[in-house]
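Here's the structure, in structure tokens; my notes come after.
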Amino acid sequence: MTYLWAVRHRIRHGAPWPVRRTVSFLAAAAVLLLATTSGLARYAQVWMPAHVAQYSLLALLGPALLVLAGPGRLLTEHLGAPAHTSTPRGDDHRGPAEWVEALTGSQVAQALRRPGPALVVFAVVVYLGAAGPVLELTLRSHGAHVVSVLITTAAGVVLVRSWLDSGLRRAVRVRGVLTWAVVHLAASTALLLWPGVLAPSWWAEIDPAWRGPELGDQRAAAVLALLGGLGAALAAIALARRAGAPRPPAAPGARPAADRLERADGDQLP
């Protein structure tokens with residue numbers, strides 16, 4: 001709601017905002033709601049393929065749509081500070097805009113804009129988070145599950161943001177996507193070939209009559225992860241190649257503000 005209110009406030013004051021960014025935000029909200037409150041979330045507790053589908057939405061599709069929605073840019077502009085600036089006020093007082101700029105301009109935030117560090121964070125949160133003891137904890141504890149959902153989505157935003165950073169060379173962005181694809185392939189293959197069941201005591205306790213053998217479900221989940229990762233990698237490469245690509249010159253008479261915003265929409269990300 002805050003995002004939509006800020007968009008409405010911006011438009012009422014004569015500053016355009018791309019419709020496709022708003023559509024991306026609404027799609028992201030729909031994806032995250034589907035992953036956390038629908039039947040998929042219920043089945044994710046008792047069926048491994050559903051669990052993998054849920055976390056694929058939380059780690060990749062939802063974050064990608066959030067990044068494309070540009071909430072960071074909207075926030076900094078709504079707070080009255082120009083995006084991508086770090087000039088403090090003349091006095092010691094910091095308003096909300098300055099705090100946002102200070103956080104996004106910190107050394108940690110800048111490091112996480114690069115594909116390498118972003119991938120390390122994603123791998124620790126998502127792939128190690130699927131390890132047996134951690135997986136069983138998130139399945140048994142509602143509090144641990146909520147924390148897992150939040151940090152998985154955050155790690156996904158960090159990773160996707162690094163792929164689409166127009167401040168990096170295109171080759172660096174594409175190489176980041178390909179490196180993640182290799183890591184994802186290795187993790188999915190390991191799950192496919194793993195001889196035992198992860199979190200076996202949980203799946204043994206929750207054993208609906210319609211569910212197949214636990215190891216068979218785990219291998220089906222691994223195949224789903226492989227196919228989903230392939231699709232995500234192809235889409236990410238296309239977006240990474242597009243980010244920062246030069247736009248054709250604006251037509252005579254076009255509004256400068258709108259043109260700048262369209263460039264921000266396609267070429268720069270929050």
Side-chain angles (χ1 to χ4, degrees), residues 3-4 18-45 47-74 112-113 115 118-119 121-130 135 138 145-165 173-174 176-188 191 220-243 265-266 269-270:
Y3 182 98
L4 298 177
V19 174
R20 54 187 167 183
R21 282 192 182 269
T22 305
V23 171
S24 291
F25 175 80
L26 294 174
V31 167
L32 296 177
L33 283 174
L34 173 67
T36 55
T37 63
S38 70
L40 175 62
R42 294 176 63 87
Y43 276 98
Q45 295 294 107
W47 193 40
M48 188 66 161
H51 184 83
V52 167
Q54 179 190 43
Y55 273 78
S56 295
L57 296 179
L58 292 172
L60 293 171
L61 182 56
L65 291 168
L66 278 176
V67 170
L68 292 174
R73 177 178 296 276
L74 181 64
L112 290 178
R113 295 173 76 97
L119 177 56
V121 170
F122 186 86
V124 169
V125 171
V126 176
Y127 299 127
L128 292 185
L135 174 62
T138 60
H145 176 68
V146 170
V147 172
S148 175
V149 166
L150 292 175
I151 64 174
T152 296
T153 304
V157 169
V158 168
L159 182 68
V160 174
R161 180 64 184 81
S162 72
W163 294 343
L164 305 182
D165 191 341
R173 298 193 301 267
V174 173
V177 176
L178 293 176
T179 303
W180 166 79
V182 170
V183 173
H184 183 78
L185 174 64
S188 301
L191 181 63
V223 172
L224 179 62
L226 280 169
L227 296 177
L230 176 61
L234 293 175
I237 289 173
L239 287 172
R241 289 176 60 85
R242 176 179 174 270
D265 182 38
L269 294 167

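The first residue in the sequence is number 1, and the count goes up from there. Below, each value reflects all heavy atoms present in this structure, side chains not excepted, and no hydrogens, waters or symmetry copies.
Closest non-hydrogen pair, Tyr127 versus Ala187, comes out as CD2-CB, 3.8 Å. Between Leu34 and Leu40, the closest heavy-atom pair is O-CB, 4.0 Å. Taking both residues in full, the closest heavy atoms of Leu128 and Val124 are given as CB-O, 3.2 Å, listed atom of the first, atom of the second, then distance. Residues Ala221 and Met48 share a closest heavy-atom pair of CB-CG, 3.6 Å.
The line from CG of Leu119 to CG of Leu112 is 11.5 Å long, rounded to the nearest 0.5 Å. Once rounded to the nearest 0.5 Å, the distance linking CG of Leu164 with CZ of Arg113 reads 11.0 Å.
Under the rule for a side-chain contact (heavy atoms from CB on, under 4.5 Å), the partners of Leu227 that lie at least two apart in sequence or sit in another chain are Val223. Partners of Trp163 under the side chain to side chain donor-acceptor pair (under 3.5 Å) rule, at least two apart in sequence or in another chain, do not exist in this structure. Remark: Ala222 pairs with Leu191, Leu192 by the side-chain contact (heavy atoms from CB on, under 4.5 Å) rule, at least two apart or across chains. Evaluation of the side-chain contact (heavy atoms from CB on, under 4.5 Å) rule for Leu185 yields Thr189, Leu226 as partners, not counting sequence neighbours. Residues meeting the side-chain contact (heavy atoms from CB on, under 4.5 Å) test with Val23, sequence neighbours left out: Val19. For Tyr43, the side chain to side chain donor-acceptor pair (under 3.5 Å) criterion is met by no residue, not counting sequence neighbours.
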Enumerate, atom names and distances included, each donor-acceptor pair closer than 3.5 Å involving a side-chain atom of residues 49-69, sequence neighbours excluded.
unit_1	atom_1	unit_2	atom_2	d
His51	ND1	Ala44	O	3.4
Gln54	NE2	Ala35	O	2.7
Tyr55	OH	Ser148	OG	2.8
Ser56	OG	Val52	O	2.8

*Under the side chain to side chain contact (heavy atoms under 4.5 Å, CB included) rule, what do Thr22 and Leu4 come out as? Steps first, then yes or no, please.*
CA-CA 8 Å; Thr22 305; Leu4 298 177; 3.9 Å; yes

*Show the numbers, then the answer: is there a side chain to side chain contact (heavy atoms under 4.5 Å, CB included) between Leu178 and Ile237?*
CA-CA 8 Å; Leu178 293 176; Ile237 289 173; 3.6 Å; yes

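Not a single donor-acceptor pair under 3.5 Å links the side chain of Thr152 to the backbone N or O of Val149. His184 places a side-chain N or O within 3.5 Å of a backbone atom of Ala225 that can act as its donor or acceptor partner.
Note: Tyr3 and Phe25 have parallel aromatic rings, judged against thresholds of 30 and 60 degrees for the angle between ring planes.
Sorted by first and then second residue, the side-chain hydrogen bond (donor to acceptor under 3.5 Å, both in side chains) pairs with a member in residues 29-38 form an empty list; sequence neighbours excluded.
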